[in-house]
Amino acid sequence: IITHAMKLLLCSGEVQCLISILLQALKLLKGSGEEDYLSLYVRNCRYVSICIAPIFGSFLCYGQIAQLLSIARLPGSLSLTVVSKLQHRRNSLKDSSINVKCPYGLLMPDACALPGHTDIMTIEIKPKAYLRTATDHQAPLKCCRFCSQIEKRYHDGAIPERTRYCPRDFFSTRASKVSHSINCLLDCPLSYLTVHKDGRRIFDEDNHNVEEMLQATGYKSRSELINVIVKMLLSKRTPNNRSVLEVILEAQLINPHSIPELCDIYAIFRSHGLDIDQEIAVWLTGDSSLDHEFLSLLESVVKFSISIIAQDVSIMLSITPESDDKLSQVIANGRVYAYKISIVDVDLKSVKKLPVYMAQEKELTATEDGQI
């Protein structure tokens with residue numbers, strides 16, 4: 001363990017990361033019964049590899065975790081190359097203790113970095129979702145789920161102002177609607193838009209002076225910046241000619257069941273004394289002993305988990321005003337921009353939160369007779 005840790009220190013210089021890894025490794029040696037960070041990352045990496053990577057493909061942030069896994073002497077077969085959470089590390093994170101809380105995330109690729117470039121602007125957008133959870137329950141609503149949630153949070157005093165941003169515009173295939181949604185986020189970013197320049201946060205919900213941000217990033221106007229962002233978001237970059245917005249929307253719609261139906265499935269597992277989160281973890285290893293009927297139900301729950309993750313991912317746009325054939329490129333405002341798009345924050349969420357989702361769904365989308 002010490003040998004591996006010293007190698008990590010020499011390679012990365014992350015002293016806090018080294019200390020945290022050693023403490024976690026020693027906890028494992030002591031036989032602690034607590035669920036440690038390492039086991040969570042291994043489970044998440046399996047999940048991302050099996051369930052998320054086939055959908056998000058090249059937009060997903062990848063990285064090598066073989067060094068990390070070897071610290072705990074885990075089988076080499078678990079040395080997956082997909083990343084779950086905290087793929088993007090930023091020097092300006094508000095949580096100064098993040099290096100200690102999530103040490104393994106520091107070994108993952110930096111979604112803000114563009115190798116060989118120093119003039120880098122990174123835009124993080126958390127688009128959220130406008131649809132109900134099930135595709136066959138899309139009855140017309142007065143406003144979308146996100147807008148309903150914004151209204152509730154505003155009236156509860158959780159946010160200081162309403163945002164005009166709506167995911168319905170953001171996930172549109174029309175450039176004008178996507179442009180409008182970005183413009184709304186610039187007006188009122190809340191927690192859905194942040195901007196970094198060379199790793200330093202320069203625009204967020206606490207500091208959203210657009211003119212200062214434009215000056216720091218070299219853009220002449222708001223419309224110039226929006227034009228670049230929209231062209232990148234709508235650019236067809238997958239083998240089957242889809243944009244990052246289409247990929248995320250597809251994942252949001254993958255769940256075929258309503259929340260009440262999923263709660264019924266959850267209740268079936270509980271009535272048989274089965275921990276559904278644990279059953280998913282075992283299923284990911286390929287060693288599940290569930291019969292065909294329960295496996296079918298479990299796979300339905302897994303699809304739900306994918307849709308929930310897709311409703312809460314972040315899109316990282318790292319942009320440099322320079323050409324680079326090794327990166328994606330777009331022509332906007334009469335010049336070439338090289339960029340990278342990454343989808344981050346795709347860790348597996350606990351299915352035990354289904355009753356919570358049920359309550360939220362009922363509060364936001366229930367009809368007058370109380371039906372969801």
Side-chain angles (χ1 to χ4, degrees), residues 24-25 27-56 65 68-69 71-75 77-80 82-86 101-105 129 132-134 251-252 254-313 345-363 372:
Q24 291 296 327
K27 181 187 288 186
L28 288 174
L29 288 178
K30 290 179 181 178
S32 171
E34 298 179 11
E35 190 171 32
D36 57 276
Y37 290 126
L38 184 57
S39 64
L40 289 175
Y41 271 90
V42 172
R43 183 200 66 179
N44 283 338
C45 284
R46 285 189 184 127
Y47 176 77
V48 172
S49 177
I50 295 170
C51 303
I52 302 298
I55 300 174
F56 289 166
I65 61 169
L68 169 63
L69 295 178
I71 290 179
R73 300 177 182 274
L74 293 175
S77 60
L78 299 184
S79 299
L80 306 178
V82 284
V83 182
S84 55
K85 194 172 184 180
L86 272 174
K101 290 181 178 178
C102 301
Y104 304 113
R132 293 187 181 184
T133 308
Q252 291 181 355
I254 198 172
N255 169 46
H257 297 287
S258 67
I259 292 289
E261 290 170 341
L262 289 161
C263 284
D264 290 340
I265 294 174
Y266 177 61
I268 291 173
F269 274 82
R270 289 193 63 183
S271 66
H272 285 77
L274 298 173
D275 184 314
I276 198 164
D277 284 340
Q278 184 60 36
E279 293 301 328
I280 290 176
V282 175
W283 175 80
L284 290 170
T285 68
D287 295 329
S288 178
S289 59
L290 295 176
D291 60 27
H292 176 76
E293 181 180 355
F294 271 92
L295 280 176
S296 178
L297 294 174
L298 191 71
E299 288 171 4
S300 295
V301 174
V302 170
K303 286 184 178 180
F304 164 73
S305 73
I306 294 172
S307 71
I308 289 296
I309 286 172
Q311 293 175 39
D312 205 40
V313 297
D345 290 344
V346 294
D347 56 308
L348 175 61
K349 293 176 172 57
S350 174
V351 181
K352 293 178 181 177
K353 292 183 178 180
L354 265 170
V356 177
Y357 297 137
M358 175 75 162
Q360 292 175 346
E361 190 82 357
K362 188 171 184 178
E363 185 174 21
I372 295 179

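Just so it is clear, the structure is predicted and the values come from calculations on it, not from any experiment.
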- request: Determine whether Glu299 and Trp283 make a side-chain contact, defined as any pair of heavy atoms from C-beta on separated by less than 4.5 Å.
  value: yes

message: Any side-chain to backbone donor/acceptor pair from Thr285 onto Val282? Under 3.5 Å, distance only.
response: yes

query: Side chains of Phe304 and Ile254: does their closest heavy-atom pair fall under 4.5 Å?
result: no

message: So Leu348 and Ile280, do their side chains get closer than 4.5 Å, heavy atoms only?
response: yes

query: So among Leu298, Asp277, Ile308, which one has a side chain to side chain contact (heavy atoms under 4.5 Å, CB included) with Val351?
result: Asp277

- prompt: Can you name the nearest heavy-atom pair linking Pro54 to Cys51, along with the distance?
  reply: CD-C, 3.8 Å

- line: In short, side-chain hydrogen bond (donor to acceptor under 3.5 Å, both in side chains) pairs touching residues 263-276 with sequence neighbours left out are Asp275-Lys352

- prompt: Looking at SG of Cys263 and OH of Tyr357, how far apart are the two atoms once the value is rounded to the nearest 0.5 Å?
  reply: 11.0 Å

statement: Shortest non-hydrogen pair, Ala310 vs Gln252, comes out as O-NE2, 3.1 Å

- request: Compare every heavy atom of Val301 with every heavy atom of Ile265, then report the nearest pair and how far apart it is.
  value: CG2-CG2, 3.7 Å

message: Nearest 0.5 Å, please: how far is NZ in Lys303 from OG in Ser305?
response: 11.0 Å

query: By side chain to side chain donor-acceptor pair (under 3.5 Å), which residues pair with Ser300, not counting sequence neighbours?
result: His257

- line: CG of Leu284 to CD1 of Ile50, rounded to nearest 0.5 Å, is 5.0 Å

message: So Phe269 and Leu290, do their side chains get closer than 4.5 Å, heavy atoms only?
response: yes

field: Under 3.5 Å: donor-acceptor pair, side chain of Glu261, backbone of Ser258
entry: yes

- prompt: Given Ile309, which of Ile55, Asp347, Val346 fulfils the side chain to side chain contact (heavy atoms under 4.5 Å, CB included) condition?
  reply: Val346

